[in-house]
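A, B, ... follow the sequence lines: proteins, then strands. Residue 1 opens every chain. Reckoned from all heavy atoms, side chains included, excluding hydrogens, waters and symmetry mates. Predicted, not measured: the structure shown is a model, and the values here were computed from it.
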There are 2 protein chains.
Amino acid sequence: MTTTKRGRPRSFDRDAALLQPTLLFWQHGYEGTSVSDLTAAMGISPPSLYAAFGDKRTLFVEVVDRYGDTFGAFMNKALDDASDTRTGFAGMLEAAAVSYTDPHHPAGCLVITAATNYSTQTADIKEDLRERRVANVRSFEGRLNTARAGGALPEGTDTRALAVYFAAVVQGMSQQARDGATTAELQQVAEFAMAIWPEPAP
Amino acid sequence: MTTTKRGRPRSFDRDAALLQPTLLFWQHGYEGTSVSDLTAAMGISPPSLYAAFGDKRTLFVEVVDRYGDTFGAFMNKALDDASDTRTGFAGMLEAAAVSYTDPHHPAGCLVITAATNYSTQTADIKEDLRERRVANVRSFEGRLNTARAGGALPEGTDTRALAVYFAAVVQGMSQQARDGATTAELQQVAEFAMAIWPEPAP
DNA sequence: CGAATTCCATAGCGATCGTTGTAAAATTTC
DNA sequence: GAAATTTTACAACGATCGCTATGGAATTCG
(Lines give C-alpha, C1' and ligand atoms only; values in the text may rest on other atoms or scores of the structure.)
Protein backbone atom coordinates (compact mmCIF):
# COMPACT_ATOMS: atom_id res chain seq x y z
CA MET A 1 0.00 0.00 0.00
CA THR A 2 2.40 2.72 -1.15
CA THR A 3 0.70 6.00 -1.92
CA THR A 4 2.29 8.62 -4.16
CA LYS A 5 3.96 11.46 -2.29
CA ARG A 6 1.79 14.54 -2.05
CA GLY A 7 2.80 18.13 -2.58
CA ARG A 8 4.97 19.84 -5.14
CA PRO A 9 7.56 17.43 -6.52
CA ARG A 10 11.27 18.18 -6.23
CA SER A 11 12.57 19.90 -9.34
CA PHE A 12 15.94 18.09 -9.35
CA ASP A 13 17.31 14.58 -8.96
CA ARG A 14 18.65 14.47 -5.42
CA ASP A 15 21.13 11.72 -6.15
CA ALA A 16 22.51 13.27 -9.32
CA ALA A 17 22.75 16.67 -7.68
CA LEU A 18 25.29 15.30 -5.20
CA LEU A 19 27.99 15.29 -7.87
CA GLN A 20 28.50 19.05 -7.87
CA PRO A 21 29.08 19.34 -4.10
CA THR A 22 31.46 16.39 -4.39
CA LEU A 23 33.55 18.12 -7.04
CA LEU A 24 33.53 21.44 -5.18
CA PHE A 25 34.47 19.98 -1.80
CA TRP A 26 37.08 17.84 -3.53
CA GLN A 27 38.72 20.81 -5.19
CA HIS A 28 38.33 23.53 -2.57
CA GLY A 29 37.74 21.66 0.69
CA TYR A 30 35.03 22.11 3.28
CA GLU A 31 35.81 25.66 4.36
CA GLY A 32 36.84 26.72 0.87
CA THR A 33 33.38 25.90 -0.47
CA SER A 34 30.54 28.24 0.50
CA VAL A 35 26.85 27.42 0.49
CA SER A 36 26.55 30.05 -2.20
CA ASP A 37 29.09 28.14 -4.31
CA LEU A 38 27.11 24.96 -3.79
CA THR A 39 23.70 26.35 -4.71
CA ALA A 40 25.13 28.12 -7.76
CA ALA A 41 26.75 24.91 -9.07
CA MET A 42 23.67 22.83 -8.33
CA GLY A 43 21.32 25.36 -9.85
CA ILE A 44 19.03 25.44 -6.84
CA SER A 45 18.25 27.91 -4.10
CA PRO A 46 19.46 27.63 -0.48
CA PRO A 47 16.11 26.50 0.97
CA SER A 48 16.00 23.64 -1.54
CA LEU A 49 19.48 22.56 -0.54
CA TYR A 50 18.67 22.65 3.15
CA ALA A 51 15.42 20.77 2.66
CA ALA A 52 17.06 18.03 0.61
CA PHE A 53 20.42 17.63 2.36
CA GLY A 54 20.26 19.30 5.77
CA ASP A 55 22.94 21.80 6.68
CA LYS A 56 26.42 22.13 5.15
CA ARG A 57 28.03 19.66 7.55
CA THR A 58 25.45 16.96 6.91
CA LEU A 59 25.80 17.42 3.18
CA PHE A 60 29.57 17.17 3.46
CA VAL A 61 29.42 13.91 5.40
CA GLU A 62 27.05 12.45 2.83
CA VAL A 63 29.42 13.53 0.08
CA VAL A 64 32.37 11.85 1.83
CA ASP A 65 30.41 8.63 2.40
CA ARG A 66 29.41 8.54 -1.22
CA TYR A 67 32.94 9.32 -2.33
CA GLY A 68 34.14 6.26 -0.47
CA ASP A 69 31.69 4.10 -2.38
CA THR A 70 32.51 5.57 -5.79
CA PHE A 71 35.66 7.53 -6.58
CA GLY A 72 37.50 6.16 -3.56
CA ALA A 73 36.38 2.56 -3.93
CA PHE A 74 39.36 1.60 -6.09
CA MET A 75 41.54 1.22 -3.01
CA ASN A 76 39.77 -1.59 -1.19
CA LYS A 77 38.73 -3.09 -4.50
CA ALA A 78 42.33 -3.49 -5.63
CA LEU A 79 43.31 -4.95 -2.28
CA ASP A 80 40.35 -7.32 -2.17
CA ASP A 81 40.52 -8.55 -5.75
CA ALA A 82 44.21 -9.43 -5.83
CA SER A 83 45.30 -13.04 -5.56
CA ASP A 84 47.95 -12.25 -2.96
CA THR A 85 48.72 -9.39 -0.59
CA ARG A 86 51.76 -8.18 -2.47
CA THR A 87 50.00 -7.74 -5.78
CA GLY A 88 47.10 -6.28 -3.84
CA PHE A 89 49.17 -3.41 -2.48
CA ALA A 90 50.95 -3.00 -5.81
CA GLY A 91 47.60 -2.80 -7.59
CA MET A 92 46.28 -0.35 -5.03
CA LEU A 93 49.20 2.02 -5.58
CA GLU A 94 48.91 1.67 -9.35
CA ALA A 95 45.17 2.41 -9.19
CA ALA A 96 45.85 5.46 -7.01
CA ALA A 97 48.34 6.77 -9.59
CA VAL A 98 45.63 6.60 -12.26
CA SER A 99 42.70 7.81 -10.16
CA TYR A 100 44.52 10.74 -8.53
CA THR A 101 45.45 12.16 -11.92
CA ASP A 102 42.16 11.42 -13.70
CA PRO A 103 41.29 14.66 -15.56
CA HIS A 104 37.57 13.96 -15.19
CA HIS A 105 37.61 15.05 -11.56
CA PRO A 106 39.79 17.04 -9.13
CA ALA A 107 43.26 15.65 -8.42
CA GLY A 108 44.19 13.67 -5.35
CA CYS A 109 41.97 12.23 -2.65
CA LEU A 110 39.04 14.06 -1.08
CA VAL A 111 39.46 12.35 2.28
CA ILE A 112 43.08 13.45 2.47
CA THR A 113 42.72 17.05 1.36
CA ALA A 114 39.20 18.34 2.01
CA ALA A 115 39.65 19.37 5.64
CA THR A 116 43.30 20.02 6.40
CA ASN A 117 42.64 23.70 7.08
CA TYR A 118 40.04 24.28 9.74
CA SER A 119 38.80 26.97 12.09
CA THR A 120 37.70 26.22 15.64
CA GLN A 121 34.10 25.79 14.50
CA THR A 122 34.94 23.10 11.96
CA ALA A 123 37.43 21.05 13.98
CA ASP A 124 34.94 18.18 14.11
CA ILE A 125 34.90 17.96 10.32
CA LYS A 126 38.67 17.65 10.10
CA GLU A 127 38.47 15.10 12.93
CA ASP A 128 35.93 13.04 10.98
CA LEU A 129 38.24 12.79 7.98
CA ARG A 130 41.23 12.10 10.20
CA GLU A 131 39.44 9.13 11.74
CA ARG A 132 38.66 7.78 8.30
CA ARG A 133 42.34 7.99 7.37
CA VAL A 134 43.41 6.37 10.64
CA ALA A 135 40.92 3.57 10.03
CA ASN A 136 42.45 3.08 6.62
CA VAL A 137 45.94 2.68 8.08
CA ARG A 138 44.55 0.10 10.47
CA SER A 139 42.92 -1.69 7.57
CA PHE A 140 46.30 -1.83 5.85
CA GLU A 141 47.85 -3.20 9.01
CA GLY A 142 45.18 -5.88 9.27
CA ARG A 143 45.81 -7.04 5.73
CA LEU A 144 49.55 -7.15 6.36
CA ASN A 145 48.99 -9.13 9.55
CA THR A 146 46.97 -11.66 7.60
CA ALA A 147 49.73 -11.90 5.01
CA ARG A 148 52.35 -12.42 7.70
CA ALA A 149 50.25 -15.09 9.39
CA GLY A 150 49.89 -16.84 6.03
CA GLY A 151 53.64 -16.81 5.44
CA ALA A 152 53.54 -14.18 2.71
CA LEU A 153 55.63 -11.89 4.89
CA PRO A 154 58.58 -12.79 7.16
CA GLU A 155 57.72 -13.50 10.80
CA GLY A 156 59.51 -10.45 12.15
CA THR A 157 57.87 -7.97 9.79
CA ASP A 158 56.78 -4.74 11.53
CA THR A 159 53.33 -4.60 9.95
CA ARG A 160 52.41 -1.42 11.77
CA ALA A 161 55.38 0.46 10.32
CA LEU A 162 54.71 -1.04 6.92
CA ALA A 163 51.09 0.10 7.06
CA VAL A 164 52.15 3.64 7.97
CA TYR A 165 54.62 3.51 5.11
CA PHE A 166 52.01 2.55 2.52
CA ALA A 167 49.59 5.14 3.88
CA ALA A 168 52.28 7.80 3.64
CA VAL A 169 53.06 6.83 0.05
CA VAL A 170 49.39 7.02 -0.93
CA GLN A 171 48.95 10.38 0.76
CA GLY A 172 52.15 11.67 -0.81
CA MET A 173 50.91 10.57 -4.22
CA SER A 174 47.68 12.49 -3.61
CA GLN A 175 49.63 15.62 -2.76
CA GLN A 176 51.90 15.20 -5.77
CA ALA A 177 48.88 14.77 -8.02
CA ARG A 178 47.43 18.03 -6.75
CA ASP A 179 50.76 19.71 -7.37
CA GLY A 180 50.73 18.63 -10.99
CA ALA A 181 52.50 15.26 -11.14
CA THR A 182 51.53 13.14 -14.15
CA THR A 183 50.02 9.69 -14.20
CA ALA A 184 53.29 8.21 -15.47
CA GLU A 185 55.29 9.86 -12.69
CA LEU A 186 52.95 8.53 -10.04
CA GLN A 187 53.05 5.07 -11.59
CA GLN A 188 56.81 5.17 -11.21
CA VAL A 189 56.38 6.25 -7.60
CA ALA A 190 54.03 3.31 -7.07
CA GLU A 191 56.57 0.92 -8.54
CA PHE A 192 59.43 2.39 -6.51
CA ALA A 193 57.41 2.12 -3.33
CA MET A 194 56.96 -1.63 -3.78
CA ALA A 195 60.73 -2.11 -3.56
CA ILE A 196 60.21 -2.23 0.19
CA TRP A 197 58.31 -5.50 0.02
CA PRO A 198 60.39 -8.35 1.46
CA GLU A 199 61.45 -10.96 -1.04
CA PRO A 200 59.05 -13.91 -1.15
CA ALA A 201 60.46 -17.10 0.29
CA PRO A 202 61.64 -19.38 -2.56
CA MET B 1 73.97 60.21 10.88
CA THR B 2 71.19 58.00 12.27
CA THR B 3 68.64 59.86 14.33
CA THR B 4 66.43 58.09 16.81
CA LYS B 5 62.96 57.31 15.47
CA ARG B 6 60.35 59.76 16.62
CA GLY B 7 56.88 59.06 17.90
CA ARG B 8 55.44 56.47 20.22
CA PRO B 9 57.53 53.31 20.17
CA ARG B 10 56.01 49.96 19.23
CA SER B 11 54.82 48.08 22.29
CA PHE B 12 55.90 44.63 21.03
CA ASP B 13 58.90 42.97 19.40
CA ARG B 14 57.94 42.64 15.75
CA ASP B 15 60.25 39.72 15.14
CA ALA B 16 59.24 37.76 18.22
CA ALA B 17 55.56 38.43 17.54
CA LEU B 18 55.82 36.48 14.28
CA LEU B 19 55.93 33.19 16.16
CA GLN B 20 52.23 33.18 17.07
CA PRO B 21 51.01 33.68 13.47
CA THR B 22 53.42 30.95 12.42
CA LEU B 23 51.97 28.47 14.89
CA LEU B 24 48.38 29.42 14.03
CA PHE B 25 48.84 29.24 10.27
CA TRP B 26 50.77 26.01 10.73
CA GLN B 27 47.98 24.38 12.70
CA HIS B 28 44.87 25.82 11.06
CA GLY B 29 46.03 27.01 7.65
CA TYR B 30 45.53 30.36 5.95
CA GLU B 31 41.76 30.36 5.72
CA GLY B 32 41.34 28.58 9.03
CA THR B 33 43.09 31.40 10.86
CA SER B 34 41.17 34.67 11.22
CA VAL B 35 42.68 38.08 11.85
CA SER B 36 40.84 37.99 15.14
CA ASP B 37 42.64 34.73 16.01
CA LEU B 38 45.96 36.36 15.13
CA THR B 39 45.50 39.54 17.15
CA ALA B 40 44.21 37.59 20.14
CA ALA B 41 47.25 35.28 20.13
CA MET B 42 49.68 38.14 19.60
CA GLY B 43 48.07 40.30 22.25
CA ILE B 44 47.75 43.30 19.96
CA SER B 45 44.89 45.10 18.22
CA PRO B 46 44.11 44.88 14.52
CA PRO B 47 45.51 48.32 13.59
CA SER B 48 48.84 47.40 15.21
CA LEU B 49 48.98 44.19 13.20
CA TYR B 50 48.20 45.97 9.94
CA ALA B 51 50.74 48.72 10.63
CA ALA B 52 53.50 46.25 11.45
CA PHE B 53 52.83 43.45 8.94
CA GLY B 54 50.52 44.75 6.22
CA ASP B 55 47.41 42.74 5.42
CA LYS B 56 46.76 39.08 6.15
CA ARG B 57 48.25 37.84 2.89
CA THR B 58 51.48 39.79 3.35
CA LEU B 59 51.82 38.50 6.89
CA PHE B 60 51.25 34.95 5.70
CA VAL B 61 53.96 35.19 3.04
CA GLU B 62 56.40 36.58 5.59
CA VAL B 63 55.53 33.73 7.93
CA VAL B 64 56.17 31.17 5.19
CA ASP B 65 59.48 32.76 4.23
CA ARG B 66 60.59 32.74 7.82
CA TYR B 67 59.40 29.17 8.27
CA GLY B 68 61.68 28.12 5.45
CA ASP B 69 64.66 29.68 7.21
CA THR B 70 63.87 28.17 10.60
CA PHE B 71 61.56 25.21 11.16
CA GLY B 72 61.81 24.07 7.55
CA ALA B 73 65.57 24.58 7.19
CA PHE B 74 66.38 21.04 8.26
CA MET B 75 65.64 19.73 4.80
CA ASN B 76 68.26 21.54 2.74
CA LYS B 77 70.64 21.44 5.68
CA ALA B 78 70.57 17.65 5.83
CA LEU B 79 71.02 17.42 2.07
CA ASP B 80 73.84 19.97 2.01
CA ASP B 81 75.78 18.69 5.00
CA ALA B 82 75.94 15.03 4.00
CA SER B 83 79.13 13.60 2.53
CA ASP B 84 77.26 11.88 -0.29
CA THR B 85 73.85 12.15 -1.90
CA ARG B 86 72.53 8.89 -0.52
CA THR B 87 73.19 9.75 3.10
CA GLY B 88 71.92 13.24 2.32
CA PHE B 89 68.47 11.99 1.36
CA ALA B 90 68.48 9.46 4.19
CA GLY B 91 69.35 12.20 6.66
CA MET B 92 66.69 14.48 5.21
CA LEU B 93 63.99 11.84 5.69
CA GLU B 94 65.22 11.05 9.19
CA ALA B 95 65.20 14.77 10.09
CA ALA B 96 61.68 15.09 8.72
CA ALA B 97 60.52 12.22 10.92
CA VAL B 98 61.81 14.06 13.98
CA SER B 99 60.73 17.58 13.00
CA TYR B 100 57.24 16.65 11.84
CA THR B 101 56.45 15.04 15.19
CA ASP B 102 58.20 17.59 17.40
CA PRO B 103 55.70 18.34 20.19
CA HIS B 104 57.00 21.92 20.51
CA HIS B 105 55.13 23.00 17.40
CA PRO B 106 52.25 21.81 15.15
CA ALA B 107 52.75 18.51 13.34
CA GLY B 108 53.79 18.19 9.74
CA CYS B 109 54.98 20.84 7.31
CA LEU B 110 53.44 24.29 7.00
CA VAL B 111 54.23 24.59 3.28
CA ILE B 112 52.44 21.32 2.58
CA THR B 113 49.32 21.84 4.66
CA ALA B 114 48.63 25.55 5.19
CA ALA B 115 46.73 26.22 1.97
CA THR B 116 45.23 23.03 0.60
CA ASN B 117 41.68 24.32 1.09
CA TYR B 118 41.02 27.59 -0.65
CA SER B 119 38.15 29.75 -1.85
CA THR B 120 38.27 31.65 -5.13
CA GLN B 121 39.66 34.72 -3.37
CA THR B 122 42.64 32.88 -1.90
CA ALA B 123 43.65 30.79 -4.89
CA ASP B 124 46.85 32.82 -5.22
CA ILE B 125 47.92 31.82 -1.72
CA LYS B 126 47.56 28.12 -2.45
CA GLU B 127 49.39 28.73 -5.73
CA ASP B 128 52.28 30.37 -3.88
CA LEU B 129 52.74 27.32 -1.67
CA ARG B 130 52.34 24.97 -4.61
CA GLU B 131 55.17 26.71 -6.44
CA ARG B 132 57.39 26.35 -3.39
CA ARG B 133 56.69 22.62 -3.30
CA VAL B 134 57.28 22.26 -7.02
CA ALA B 135 60.58 24.13 -6.65
CA ASN B 136 61.52 21.69 -3.92
CA VAL B 137 60.90 18.69 -6.20
CA ARG B 138 63.10 20.30 -8.81
CA SER B 139 65.78 20.85 -6.19
CA PHE B 140 65.63 17.15 -5.38
CA GLU B 141 65.93 16.34 -9.06
CA GLY B 142 68.97 18.60 -9.41
CA ARG B 143 70.74 16.91 -6.54
CA LEU B 144 69.98 13.49 -8.02
CA ASN B 145 71.27 14.62 -11.41
CA THR B 146 74.50 15.69 -9.80
CA ALA B 147 74.77 12.34 -8.06
CA ARG B 148 74.16 10.47 -11.30
CA ALA B 149 76.74 12.58 -13.13
CA GLY B 150 79.23 11.80 -10.36
CA GLY B 151 78.62 8.07 -10.66
CA ALA B 152 76.76 7.76 -7.37
CA LEU B 153 73.66 6.66 -9.28
CA PRO B 154 73.43 4.34 -12.32
CA GLU B 155 73.44 6.04 -15.70
CA GLY B 156 69.89 5.09 -16.56
CA THR B 157 68.39 6.37 -13.32
CA ASP B 158 65.11 8.29 -13.84
CA THR B 159 65.99 11.17 -11.54
CA ARG B 160 62.73 12.95 -12.20
CA ALA B 161 60.67 9.99 -11.01
CA LEU B 162 63.03 9.52 -8.07
CA ALA B 163 62.59 13.17 -7.07
CA VAL B 164 58.81 12.87 -7.22
CA TYR B 165 59.10 9.70 -5.13
CA PHE B 166 61.11 11.40 -2.38
CA ALA B 167 58.79 14.41 -2.42
CA ALA B 168 55.79 12.12 -2.09
CA VAL B 169 57.38 10.29 0.84
CA VAL B 170 58.12 13.56 2.64
CA GLN B 171 54.62 14.86 2.05
CA GLY B 172 53.12 11.56 3.15
CA MET B 173 55.17 11.69 6.33
CA SER B 174 53.84 15.18 7.00
CA GLN B 175 50.28 13.96 6.59
CA GLN B 176 50.92 10.93 8.79
CA ALA B 177 52.41 13.16 11.46
CA ARG B 178 49.29 15.31 11.47
CA ASP B 179 47.20 12.17 11.73
CA GLY B 180 49.06 11.09 14.86
CA ALA B 181 51.96 8.93 13.71
CA THR B 182 54.84 8.76 16.18
CA THR B 183 58.45 9.75 15.64
CA ALA B 184 59.51 6.10 15.69
CA GLU B 185 56.92 5.14 13.09
CA LEU B 186 58.05 7.92 10.76
CA GLN B 187 61.68 6.96 11.28
CA GLN B 188 60.76 3.48 10.11
CA VAL B 189 59.03 5.00 7.10
CA ALA B 190 62.16 7.00 6.35
CA GLU B 191 64.28 3.88 6.53
CA PHE B 192 61.87 1.88 4.38
CA ALA B 193 61.81 4.62 1.78
CA MET B 194 65.57 4.43 1.31
CA ALA B 195 65.23 0.84 0.11
CA ILE B 196 64.61 2.31 -3.31
CA TRP B 197 68.15 3.67 -3.61
CA PRO B 198 70.12 1.70 -6.19
CA GLU B 199 72.98 -0.34 -4.82
CA PRO B 200 76.28 1.54 -4.95
CA ALA B 201 78.75 0.19 -7.45
CA PRO B 202 81.31 -2.02 -5.67
C1' DC C 1 57.59 73.56 27.42
C1' DG C 2 54.95 73.09 22.53
C1' DA C 3 54.99 70.84 18.02
C1' DA C 4 55.53 66.96 15.40
C1' DT C 5 55.36 62.24 14.92
C1' DT C 6 54.10 57.48 15.62
C1' DC C 7 51.46 53.79 17.79
C1' DC C 8 47.64 52.47 20.47
C1' DA C 9 42.65 50.75 21.43
C1' DT C 10 37.75 51.44 20.44
C1' DA C 11 34.48 51.01 17.43
C1' DG C 12 32.56 50.25 13.20
C1' DC C 13 32.81 49.81 8.07
C1' DG C 14 30.88 46.92 3.88
C1' DA C 15 30.94 42.15 2.42
C1' DT C 16 30.18 37.55 3.02
C1' DC C 17 29.23 33.60 5.96
C1' DG C 18 25.59 29.74 7.05
C1' DT C 19 20.85 29.64 7.71
C1' DT C 20 15.78 30.54 7.73
C1' DG C 21 10.94 33.15 7.63
C1' DT C 22 7.57 34.09 4.34
C1' DA C 23 4.51 33.39 0.79
C1' DA C 24 3.68 31.91 -3.93
C1' DA C 25 3.82 27.68 -7.06
C1' DA C 26 2.92 22.87 -7.96
C1' DT C 27 1.29 18.63 -6.93
C1' DT C 28 -2.08 14.78 -4.65
C1' DT C 29 -6.17 13.78 -2.01
C1' DC C 30 -11.01 14.27 -1.28
C1' DG D 1 -12.92 22.26 -7.89
C1' DA D 2 -11.28 22.93 -2.64
C1' DA D 3 -8.12 21.41 0.86
C1' DA D 4 -3.83 19.61 2.20
C1' DT D 5 0.92 19.08 1.43
C1' DT D 6 5.52 19.92 -0.26
C1' DT D 7 8.93 22.68 -2.87
C1' DT D 8 10.07 26.80 -4.71
C1' DA D 9 12.34 31.65 -4.92
C1' DC D 10 13.03 36.06 -2.65
C1' DA D 11 14.75 38.31 0.85
C1' DA D 12 16.76 38.93 5.04
C1' DC D 13 18.50 37.37 9.58
C1' DG D 14 22.61 37.60 13.13
C1' DA D 15 27.44 36.52 13.13
C1' DT D 16 31.79 36.84 11.45
C1' DC D 17 35.00 38.08 7.83
C1' DG D 18 39.14 41.32 6.60
C1' DC D 19 40.10 45.88 7.22
C1' DT D 20 40.19 50.96 8.66
C1' DA D 21 38.62 55.80 10.29
C1' DT D 22 38.97 58.28 14.51
C1' DG D 23 41.02 60.17 18.31
C1' DG D 24 43.78 59.67 22.46
C1' DA D 25 48.54 58.08 24.41
C1' DA D 26 53.49 58.10 24.21
C1' DT D 27 57.61 59.46 22.48
C1' DT D 28 61.39 62.83 20.09
C1' DC D 29 62.63 67.32 18.14
C1' DG D 30 63.20 72.25 18.56
Student: Rounded to the Å, how far apart are A:Leu38 CG and C:dT19 P?
Tutor: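 Result: 10 Å.
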Student: Tell me which nucleotide among D:dT8, C:dC17, C:dA26 gets nearest to the side chain of A:Ser36.
Tutor: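 Of D:dT8, C:dC17, C:dA26, C:dC17 is nearest to the side chain of A:Ser36.
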Student: Figure out the CG/P separation between A:Asn117 and D:dC17, and round it to whole Å.
Tutor: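 Spelled out: CG on A:Asn117 to P on D:dC17 is 15 Å.
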Student: Please give, in whole Å, the distance from C:dC17 C1' to A:His28 NE2?
Tutor: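 Distance, rounded to whole Å: 17 Å.
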Student: So, for B:Ala163 and B:Glu141, which heavy atoms are closest and what is the spacing to 0.1 Å?
Tutor: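 That would be CB-N, 3.6 Å.
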Student: Categorize B:Pro46 for me: base, sugar-phosphate, or nothing, with a 4.0 angstrom heavy-atom threshold over every strand shown.
Tutor: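 Result for B:Pro46 = base.
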Student: Phosphate oxygens OP1/OP2 of D:dT8: is one of them under 4.0 Å from a side-chain N or O of A:Ser11?
Tutor: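 Answer is yes, contact under 4.0 Å.
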Student: For a side-chain hydrogen bond (donor to acceptor under 3.5 Å, both in side chains) with B:Gln171, tell me which candidate from A:Gln175, A:Arg178, A:Gln176 qualifies.
Tutor: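 Result: among A:Gln175, A:Arg178, A:Gln176, A:Gln176 is the only option passing the side-chain hydrogen bond (donor to acceptor under 3.5 Å, both in side chains) with B:Gln171.
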Student: Starting at CD of A:Glu31 and ending at P of D:dT16, how long is that distance when rounded to a whole Å?
Tutor: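 Roughly 14 Å, once rounded to whole Å.
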Student: If you pin B:Ile44 and B:Arg6 to their nearest nucleotides in DNA chain C, which one's is more 5'?
Tutor: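 Result: B:Arg6.
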Student: Whole angstroms only, please: what is the CZ-P distance between B:Phe12 and D:dA26?
Tutor: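 Computing the B:Phe12:CZ to D:dA26:P distance gives 17 Å.
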Student: From D:dA9, C:dG18, D:dG18, pick the nucleotide closest to the side chain of A:Val35?
Tutor: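 Of all the options, the side chain of A:Val35 is nearest to C:dG18.
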Student: Going from CZ on A:Arg160 to CG on A:Asn145, what distance comes out if it is rounded to the nearest 0.5 angstrom?
Tutor: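 If I round to the nearest 0.5 Å, the distance is 10.5 Å.
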Student: Is A:Ser34 close enough to C:dC17 that one of its side-chain N or O atoms is under 4.0 Å from OP1 or OP2 there?
Tutor: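 A:Ser34 to C:dC17 OP1/OP2: side-chain N or O found under 4.0 Å.
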Student: Taking atom P of C:dT19 as reference, at what distance in whole Å does atom CG of A:Leu59 sit?
Tutor: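 Value for this atom pair: 10 Å.
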Student: Thinking salt bridges, do B:Arg143 and B:Asp80 make one under a 4.0 Å N-O criterion?
Tutor: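 Result for this pair is yes, salt bridge flagged.
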Student: Between D:dA11, D:dT27, C:dT10, spot the one nearest the side chain of B:Pro47, thanks.
Tutor: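 Closest of the options to the side chain of B:Pro47: C:dT10.
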Student: Between P on C:dG18 and CZ on A:Phe60, what's the gap in Å once rounded to a whole number?
Tutor: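 A:Phe60 atom CZ is separated from C:dG18 atom P by 13 Å.
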Student: Does A:Gly7 or B:Tyr30 map to a spot on DNA chain D nearer the 5' end, using the closest nucleotide for each?
Tutor: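 It is A:Gly7 whose nearest nucleotide is closer to the 5' end.
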Student: Have A:Asp102 and A:Ser99 got a donor and an acceptor in their side chains that come within less than 3.5 Å?
Tutor: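 The answer is no; no qualifying pair exists.
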Student: From C-beta outward on A:Arg10, which listed nucleotide comes closest to its side chain: D:dA26, C:dA9, D:dT7?
Tutor: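 Of D:dA26, C:dA9, D:dT7, D:dT7 is nearest to the side chain of A:Arg10.
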Student: Of the options C:dT10, C:dT27, D:dC19, whose atoms approach the side-chain atoms of B:Lys56 most closely?
Tutor: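 Given the options C:dT10, C:dT27, D:dC19, the side chain of B:Lys56 is closest to D:dC19.
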Student: With the side chain of A:Tyr50 defined as its heavy atoms from C-beta on, choose the nearest nucleotide among C:dT20, D:dT20, C:dA9.
Tutor: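 Of the options given, the side chain of A:Tyr50 lies nearest C:dT20.
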Student: Using whole Å, what does the distance between atom P of nucleotide D:dG18 and atom CZ of B:Arg57 come to?
Tutor: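 Checked: the CZ to P distance equals 11 Å.
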Student: Pick the closest DNA chain D nucleotide for B:Thr33 and for A:Arg8 by heavy atoms, then say which residue is nearer the 5' end.
Tutor: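 Its nucleotide being nearer the 5' end, the pick is A:Arg8.
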